[in-house]
Amino acid sequence: MLIRNSIKQIMRTPVKTILFFLLITLASILSTLGSNLWRISIANMKAFEEVFTTIGIVEQKKTVLNKVESWDSIDKSQKSYYVSKYNDPLSVSVLDFEGADYIFQPVKRPFYGAYLPGYKFLPPNAFWSTGNVIIEFTVDEDCIPDHAVKINVGKQIYSRYPINVPTFWFCDRYNMNPDKLYAGKTYIMAMGESYTGTGIEGSTIYTPAGAIGSYQYSQEGELLPDETRDIFYEEVTEGFYETEHGKRWLNLAEGYEWPYATVPVTATNSTKLIIPFYNGTTYVDQGEDISKEEYANGDKVCLVPSSFARYNNRKVGDKLTLPLYYANYRSSAGRAFGSGEIWAGFNMLNAQGEAYPVFYEAEYTIAGIYLTIGGGNSSGYRLAEHEIIIPSKSIEASDKDNIIAYGPMMGYTTSFQIPNGSIEEYMEKFQKLGIDELEIKFYDKGYTELKAGLDHIKGMSLFLLLAGLVATVLILIFFCNMFISKQKKRTAVERSLGMSKWSCTRSMMHGILLIALVGSIIGSLAGFFLTDKAANVLSGNNYYDTTYTNGSVNNSTEEEGELESAKPNIALSMATGGVIVMLAVMLSFVVVTNNLKCEPLELLSEKSE
Amino acid sequence: MEQLRAEEVYYSYQTKYQTIDAVRGISYSFEIGHLYAIVGESGSGKSTFLSLLAGLDLPTKGKVYVSGEDMAEINRDLYRREKASVVYQSFNLFSLLTAQENIMFPMELKGIKRNEAKLKAAELMERVGLRTQVLHQYPQMMSGGEQQRVAIARALAAGGSILLADEPTGNLDTENEKNIVRLLKETAHTMDYAVIVITHNPEVAAEADYVLRMRDGKLID
């Protein structure tokens, strides 16, 4: 009876009732839209945090200009040119400054050489197409090899392929004052083909290639002293191979062979720190990426390229023993193996004149097999043909005696990860250090722009939510005043007819609450569907790309992806409607309570005593 | 038969500036079958006394007894719902309910079924002399006399034995005034009600069985 009478009375003011219904529905739509968009933007933000990573790559700038003089005996010309060079390599520790909030500290990533003689590579020995040889030779007449001279091939100390010719044309091409060669003496030399000159009768001219000198570096990046670096050929006398120099020539021969069975192994703290993996041109095709925990624990797991797995019949879960024998801190494997730097830039003898021994060997489980889209180029950012990825912490021995190359920080060797959205803050702090020699480029897949968009949506949704709630309160106050406050007499009559205060309260509230309830349900549903439409639009806009935020890397392949936006939540929509109903309950209760404070007889007697 | 008894009833209330002693030591017994008129100047405490008799408030001192029971001890909402009804000068009908619905309201409050309440409402309307056309009209569509008849019918619909009326003819013309007074007299005499009327009008007071005069919160004779 109470409910019926309450509703009956409110329905008999249709204009006010319809207006109240429409306004409360509209406020409910706004609030639901706001609350759902707020939730979606937070959910998207969280999802984006999981999808996106912000990495920085560090490069030391070339700041020194050196004039280089070079003599070419074939052209008979002195060439000079200027080369910009690096200053002394800066330590990566300069980036360990206060306020740098790293997820992964900057690390100069080495790649290691793993000696795998029993494995097949594709294409076989592709990166060793030139045949460097170590031979004993003689000359028929005394001569100075400042031009192409004929030498007689003697004992073959090392040759990848059998030498079937009795003589070579030889020229100490880049040496302005070569030593004289004497007839009747036997010499030993490592030599390779010279690409820009053919000798008499169209034969290839050989020039000195490498020497018995060591180019081993200390952990601090200093080239260890060695007095044999300028020796390109030596006379072989009785007992020569028992001498220190003689042993070096034999060790060099051994060192020449090992690279043919060497695959590069890159040690890192996160796969994402390696650019091809980061930008998606390389991805784990079978098995799993190395997990955060495996990286953190230094588990013996690895990622291998699909070509390596295919040619060596390896699959996920198989074991692979990696004997590591050198560490390269100058280049990435992609650059070193792709450009042949591995041959030209260093030799394979350590400071003691011995071939580098294995410094660490362990059995790794193949966690995943990766694929690379497109061939890429020889830039340092690409992966090498057979590059294997392992966790840095999995190497339990120091490589300090096996460093064959050391150079400044390069984008492809030095990277770090910081929290998404903190590039500006990081750069502000970094610039205060005043280190001009370092250039840092960030790569965030457009997170900064997306986040700005999300922040905008978040702000807008908050505005909608607050506007909806404020509108709800104002509408409720207005209509409570209209439907309840102005009906004090009605309450007084009800009281005088014997209705309890609680019954009077219910009598007043039922009508207004019913309209608020229906309005908020319809508004919440409409808000839910509107948010769904908005979410679809948002999904369409959530493209990301792999361009750098504050720079670009030449070889980075730009790609795009689409992120699925979170969907509106029906429970949240209903909860928002519930909040509106609760507000209606509270406000109408307050107003009715105020009504009940009035003395019925005072209200009902028009005249005053 | 005694229905309502006031015994040394006092009522004071606090305004912003002073304490008002509205009722000061009234003792009186009201019996069914009689029409009582309470007269007095404005501010003499008539309406306050009536609100105490209606159970809308309790005396600050003294007691009001209903059929021998202390008003302070009983459920006063129930008392108003089942025993006492109040009629006002300004009618105070529910403006958004029809005449019929207004009359049915106290019956529905008591739990009487709608159909039964409808029949009783029609009966009461006939008794108070209302045209059947008025049944579905809203108060603002009726004359003052019709509204007051509806108000009396609503008061009678509760089916109690006490009818309290606060200046019931104050807003009516002479003819309607006479009709309402006659109706109140009939209610007292034929329906066994104790009818207590507050009035300024000597002609209304003249129709009462008993006239109580109040001054300064007291009965003076």
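Labels below follow one simple rule: chain letters A, B, ... track the order of the sequence lines, proteins then strands, and each chain is numbered from 1. The figures here come from the full heavy-atom set of this structure, side chains too, leaving out hydrogens, waters and symmetry mates.
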- Among R495(A), Q487(A), R490(A), which residue forms the greatest number of heavy-atom pairs with chain B at distances under 4.5 Å? R495(A)
- Query: What part of D57(B) is in contact with chain A, defined as an atom under 4.5 angstrom from a non-hydrogen atom: side chain, backbone, both or neither?
  - Reply: side chain
- Note on the structure: Okay, T13(A) and chain B: the region with an atom under 4.5 Å from a heavy atom over there is side chain
- Cut-off 4.5 Å, heavy atoms of chain A, and the answer for R114(B) is side chain
- Message: Tell me the closest heavy-atom pair linking S90(B) and K489(A), and the distance in Å.
- Response: OG-NZ, 3.9 Å
- Query: Just wondering, more than 12 heavy atoms not from R39(A) lying within 6.0 Å of its CZ?
  - Reply: yes
- Could you give the distance from OG (S496(A)) to CG (D166(B)), rounded to the nearest 0.5 Å? 11.0 Å
- Task: Check whether more than 12 heavy atoms from other residues, nucleotides or ligands sit under 6.0 Å from atom CZ of R12(A), and answer yes or no.
- Result: yes
- Message: Does atom NZ (K218(B)) have a neighbourhood of more than 12 heavy atoms from anything else shown, all under 6.0 Å?
- Response: no
- Query: Which residues in residues 94-106 of chain B have a heavy atom less than 4.5 Å from any heavy atom of chain A?
  - Reply: F94(B), L96(B), L97(B), T98(B), E101(B), F105(B)
- Message: Surrounding CZ of F589(A) (heavy atoms of other residues, nucleotides or ligands, distance under 6.0 Å), is the total greater than 12?
- Response: no
- Message: Working to the nearest 0.5 angstrom, can you tell me the gap between M499(A) CE and R81(B) CZ?
- Response: 9.0 Å
- Item | Contact winner vs chain B - M11(A), E494(A), K501(A), heavy-atom pairs under 4.5 Å | E494(A)
